[in-house]
Every structure is written in structure tokens, then in C-alpha cells.
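Along the sequence shown, residues carry numbers from 1.
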Amino acid sequence: MRILLLPLLLCLGCAPWNAPLNQPLQGENAPLTDTGASAGGEVYIGLAFSGGGFRATAFAYGMLEELRAAGVTTATPNGLLDRVQLVSGVSGGAIMAAEFGLNGPKALPGFRERFLITDGEAYMVTSGFNPVTIAKGIAGGVNGRDTFGRYLDETLFHGATFGDLAERSRILTWINATDIANNTPFLFSPETFDALCSDLSKVRLSEAVAASSAVPLVFTPIVLKAHQGQCDYAEPAWLTTARYNPEATAAMRAHARALESYARPDEVRFVKLLDGGITDNFGTTGLAVERARAEVPYAPLTAQQAVRLGRMLFLVANAGVDQDYAQSQQVAGPGGINLALSIATSAMAAASRSGYDALRGELRQWEADLIDWRCALPLAEVRRLRGSTEGWDCRDVKLFVGEVSFASLPVAMRDGLDKVPTRLRLAPADVDRVIEAGRLATRMSPEFQGFLAALDGNAVETRIDAGSRRILPLAQ
């Protein structure tokens, strides 16, 4: 017993820790992408990918494959992928969000072979039976940034930074982690890094995704340094408003308070980041921030995009497992690390459900605000922004918001998917099963089918037939 206790006691202080790598800001942080130059037209698609290890990455990949397959023609070989202008990701979903945000539709060919069937745990310590591993976990985390983050950089991103993302991509890309001191979502965005007086353009995508995926105990927090006093930071107007506005949401006040703390050296010298799913497993904080900071009702669109918009689709990929009855078959347990993980999973699932409901409400309000703004525009302004008033209908905006998850799939298929582990290494058969689930769940989504019908000028409300699982018109 003494032989086992000695390494445990010695290693309570030997957990890996991550030195901050973020650089001071020189000048100002540029936008992640030039929204004014992004693909315009009448269709806008936004996607949010949840956490869940490689299961979540494969599910998001399946969703993208289904979007690619929809509407493929000789003129548009990428289908609807060319219409995707926003991706947000958390943990395993952040992998796919960053890869697609960086490379667009070119990210998909060969992604299964290049990444999904590889071993993301190659550099990680994964054994839960080693006393030293247990001690490191208790002391703060088993694996540092030189494990999964290193693997991501070698396999996928090859040193790419947020600066490369802004230069190469028209897709607005949000990577989400959790600030464990402020208990708030942490968004890798210019606004956040302005508050830190830090240069976002030099931050590697692999570093952000590793922070988003840093499950407590398994990983040591990713650390960022607050470089206060090394830039001329002025807090944004919306932050001041949120601080004093009694109608501001609690979530927005908390986010504003976190940004405020980054500018105060007596409060924050180092920001510690863990898995984004702890506070926002769908990565929708960015949208709420954009709406709160908006000085115009059509944001985050440009005025030109807002008058041209006809159909908008926002899909949330939920690769989470809602039920786990393994512990319900016996009196004992769960205990130890399993109990801690069960508590975290339950909290994340509950927060995800609330977050999705809030997202739907936020987008519905945005749709109403957008229509009001459009209908108040003088025709001369419509002509200037749109090029013509021909066919102009200020109310002709349809927004489709849907969640794509295992829940809509046939029971036998869903039961098999619930057994796919939340890991960074999956058997090829499991990868293929989850990819197909992502495609099928997207195809079966009533919101997706309604969106496709609306693109053809024939908006039809749909339902899922319980027996055949086919999409049917609501009247049938």
C-alpha cells in the first residue's frame, strides 16, 4: 500500500501545466472574415457542431456531406456547402468547424481517411489504472497541450493560425471553450482578444480546438496570458450597456463581466480554458453576442446581405447521448471519476437543451427585427443595396432553425449509436455508422426539408411519418 501511495503523493504536484503562448497585440485584431465580401445571394446557412469526441466530428462531417449532396449540379458541384457562411464548434465539433472554416468544401474529400479513422489519442496518456495517471488527474489534468493539440496540428492544421483563417476563408468561424474562473463560454474572437490585448491572428487553430476539447481531469487547462497595458483597449459600447441594462440577459451580463475582468490585472493575469461543452455545448454564444452588440437590427449580416436575404437555415448538430442506463442496472455506483463525469455530462445536457431553446427564440426575434427594418426602407435605399426593386417583397424572409440529432433516427440505429464512446479514437465501423447517422438525421430534419422546399419557391410544412420515417407534407 505504501508503495502505491508514494507515487500518488509525489505526483499531486506534478500534473502538466501549459505555458501561455498567445502574443501581445500590435495594432488591432482584424475581423475573422470580411462579411461584406462573403457569399451573398438570397440563401444563408449557419451550422453549429456540438461536442462529443470523434463521434461529434464524424456526425458533423455527415451533416456536411448531406448538405453537399443537396442540390448538386454541374454549376454547383458543392451543393449547399457554398452557401454556408457561419460555422461554430465545441470540442469534437470544433475540429470539423475549424477544418471546414479554414478550407471550405475542399476539407471534405478524404477527411475520413486523413483524420476520422486515425488515433487522436496517439500522444495521450489514457490508462485510468496507473496511480500516477490518477494523481495527475486529481492535481489538475493528465495531458498537456503537447498531446492532442500536437496531434491536431500534425494531422490537420499544419501550423495554420486565425490569421490564416481570416486570409483564406469567407466563412465566419467560431471556436468555443470555457473560462473556468468566470464560469462563462470563451469565444476565440477578435473582441475577446482585444480585451486580453492579445493578437488572435497568431493563435494556432490547433491551440483553440485543443482548448475547446480539454475535458476536465483528462486535460490540463489551456492557458492564455492577459497582456493588459500593452494596447489601447476601449470596452465596446454593448458591454457598457449590458452592465447597466436591467433587461440584458444573465448570460450576456456574465459574458460582459468576463471581458471586463480580462482588462483588469488585479482580477485576471491568466485565463484558464477547458472544454467548451461545460458552458455551451452547441457553441451558440457567438450569435447571442453578435445580436447583443449589434447597433443595427440586421446584424450579423451586412445591409446588402439583409436586403437580398430570402431563405436562412441554421442547423445545430447534436451528437450527444441523452440517456446512459449503464449505471441503472445495479445498486452500486457510479463513483470516483465516473461520478464526476456523470455530473458534468448531466449538466452539459441540461445546458444544451436550454441553450437550444434560447437560440430558437433569439433567431425568431432576429427574423422579426429584420423584416421590420426591411419594410421601413425607402425604395431608393432598397435599389441602392439590392441593385433593383424588381420582385422586392420586404416580408419575404423565411428562417428555418432545427436540431439534428440521434433522436430522429430509427430505434435500432439510435441504440447502436448510443454505444459509440466519447473518445478521440473510434473503430472505422463506428466512424462510418456515425457519418451515415449525420447524413440521415439531416435528411430527415423537417426544418431542412422545409428549407429545401422553400428554395424551390414551394414552402411546405413537413412531418416525419412514424412508421416509414419518411418526410411527408403536414397535410398527409
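Put simply, the side chain of R414 gets close to the backbone of L409: a donor and an acceptor are under 3.5 Å apart. In terms of modelled atom types and a separation under 3.5 Å, the side chain of N103 and the main chain of K106 share no donor-acceptor contact. Put simply, the side chain of S212 never gets that close to the backbone of V209: no donor and acceptor are under 3.5 Å apart. Counting only distance, with no hydrogens or angles, the side chain of S169 and the backbone of G101 share a donor-acceptor pair below 3.5 Å. Side-chain N or O atoms of E403 include none that pairs as donor or acceptor with a backbone N or O of L315 at under 3.5 Å. With hydrogens and angles ignored, the 3.5 Å screen pairs a side-chain donor or acceptor of S388 with a backbone N or O of E390. N78 places no side-chain N or O within 3.5 Å of a backbone atom of L81 that could act as its donor or acceptor partner. Distance alone, capped at 3.5 Å, is enough to place a donor-acceptor pair between the Q305 side chain and the T302 backbone. Judged by distance alone, with hydrogens and angles left aside, the side-chain atoms of Q304 form no donor-acceptor pair with the main-chain N or O of R384 at under 3.5 Å. Judged by distance alone, the side chain of N182 and the main-chain N or O of T184 form no donor-acceptor pair under 3.5 Å.
Rounded to the nearest 0.5 angstrom, L287 CG and E362 CD are separated by 6.0 Å. Rounded to the nearest 0.5 angstrom, R383 CZ and L377 CG are separated by 12.5 Å. To the nearest 0.5 Å, the span separating CZ on R264 from CG on L259 amounts to 12.0 Å.
A heavy-atom distance below 4.5 Å is found between the side chains of V404 and M63. Between I171 and L165 the shortest side-chain heavy-atom distance does not fall below 4.5 Å. For the pair L156 and R114, the minimum side-chain heavy-atom distance is below 4.5 Å. Side-chain atoms of L273 and F188, non-hydrogen and from C-beta on, do get closer than 4.5 Å to each other. By the 4.5 Å heavy-atom criterion applied to side chains, F115 and L152 are counted as neighbours. In this structure, Q85 and L172 have side chains that are not in contact, with every pair of non-hydrogen atoms separated by 4.5 Å or more. In this structure, the side chains of L455 and V43 come closer than 4.5 Å at one or more pairs of heavy atoms. Side-chain contact between D179 and K272 is absent, with no heavy-atom pair separated by less than 4.5 Å.
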Side-chain polar contacts of residues 190-199 - donor-acceptor pairs under 3.5 angstrom, sequence neighbours left out - could you list them?
| unit_1 | atom_1 | unit_2 | atom_2 | d |
| --- | --- | --- | --- | --- |
| E191 | OE1 | W238 | NE1 | 3.4 |
| E191 | OE2 | W238 | NE1 | 2.8 |
| E191 | OE2 | R293 | NE | 3.0 |
| T192 | OG1 | L187 | O | 2.8 |
| T192 | OG1 | S189 | OG | 3.0 |
| D194 | OD1 | N29 | ND2 | 2.9 |
| S198 | OG | N22 | ND2 | 3.0 |
| S198 | OG | Q23 | O | 2.9 |
| D199 | OD1 | S201 | N | 3.0 |
| D199 | OD1 | S201 | OG | 2.5 |
| D199 | OD2 | S201 | OG | 3.4 |
| D199 | OD2 | K202 | NZ | 3.1 |

Show me, pair by pair, the donor-acceptor contacts under 3.5 angstrom made by side chains of residues 45-59, not counting sequence neighbours?
| unit_1 | atom_1 | unit_2 | atom_2 | d |
| --- | --- | --- | --- | --- |
| S50 | OG | A317 | O | 3.1 |
| S50 | OG | A319 | N | 2.9 |
| R55 | NE | A319 | O | 2.8 |
| R55 | NH1 | V420 | O | 2.9 |
| R55 | NH1 | T422 | OG1 | 2.8 |
| R55 | NH2 | A319 | O | 3.2 |
| R55 | NH2 | T422 | OG1 | 3.2 |
| T57 | OG1 | G53 | O | 3.3 |
| T57 | OG1 | G92 | O | 2.8 |

S206/Y151 under side chain to side chain donor-acceptor pair (under 3.5 Å): CA gap, chis, key distance, verdict: CA-CA 8 Å; S206 58; Y151 184 80; over 6 Å; no
- request: Might you work through the salt bridge (charged side-chain N to carboxylate O under 4.0 Å, His left out) test for R311 and D396, ending with a clear yes or no?
  value: CA-CA 8 Å; R311 305 293 180 262; D396 187 21; 3.1 Å; yes
message: Does R83 form a side-chain contact (heavy atoms from CB on, under 4.5 Å) with Y44? I'd like the steps, not just the answer.
response: CA-CA 6 Å; R83 299 296 189 173; Y44 186 106; over 6 Å; no
message: I'd like to know whether E381 forms a side-chain contact (heavy atoms from CB on, under 4.5 Å) with L385, so could you lay out the CA-CA distance, the side-chain angles of the two residues, the decisive distance to 0.1 Å, and finally the verdict.
response: CA-CA 6 Å; E381 183 67 2; L385 293 169; 3.7 Å; yes
task: Tell me, with the steps shown, if N183 and T279 meet side chain to side chain donor-acceptor pair (under 3.5 Å).
output: CA-CA 7 Å; N183 300 312; T279 49; over 6 Å; no
field: Criterion side-chain contact (heavy atoms from CB on, under 4.5 Å) on V271 and V223, from CA distance to verdict
entry: CA-CA 6 Å; V271 181; V223 181; over 6 Å; no
- request: Take V84 and V87, measure what side-chain contact (heavy atoms from CB on, under 4.5 Å) needs, and give me the verdict at the end.
  value: CA-CA 8 Å; V84 176; V87 288; 3.9 Å; yes
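Partners of R257 by salt bridge (charged side-chain N to carboxylate O under 4.0 Å, His left out), not counting sequence neighbours, listed by chain and number: E260, E267. With sequence neighbours excluded, no residue forms a ring-ring contact (aromatic ring centres under 6.0 Å, His included) with F148. Considering only residues two or more places apart in sequence or on other chains, Y61 meets the ring-ring contact (aromatic ring centres under 6.0 Å, His included) condition with F111. The ring-ring contact (aromatic ring centres under 6.0 Å, His included) check on W373 picks up Y298, with sequence neighbours excluded.
Other residues, nucleotides and ligands contribute only 12 or fewer heavy atoms inside 6.0 Å of the CD atom of E28. Other residues, nucleotides and ligands contribute at most 12 non-hydrogen atoms within 6.0 Å of the CG atom of D232. In the displayed structure, E113 atom CD is contacted under 6.0 Å by more than 12 heavy atoms of other residues, nucleotides or ligands.
A salt bridge does not link E42 with R308: every distance from a Lys NZ or Arg NE/NH1/NH2 to an Asp or Glu carboxylate oxygen is 4.0 Å or more. Contact check on R360 versus D357 returns no salt bridge, with no Lys/Arg side-chain nitrogen under 4.0 Å from an Asp/Glu carboxylate oxygen. With salt bridges taken as basic N to acidic carboxylate O contacts below 4.0 Å, one links D153 and R204.
Closest approach of E235 and R243 over heavy atoms only: OE1-NH2, 2.8 Å. Taking each heavy atom of V268 and A226 in turn, the nearest pair found is O-CB, 3.8 Å. Across all their heavy atoms, R433 and G416 have their closest contact at NH1-O, 3.5 Å. Between R253 and N245, the shortest heavy-atom contact is NH1-O, 4.2 Å. In terms of heavy atoms, A69 sits closest to R439 at CB-NH2, 3.4 Å. Nearest heavy atoms, P421 versus L426: O-CD2, 3.7 Å.
Under the side chain to side chain donor-acceptor pair (under 3.5 Å) test applied with S88, the options N176, T173, D280 reduce to a single match, N176.
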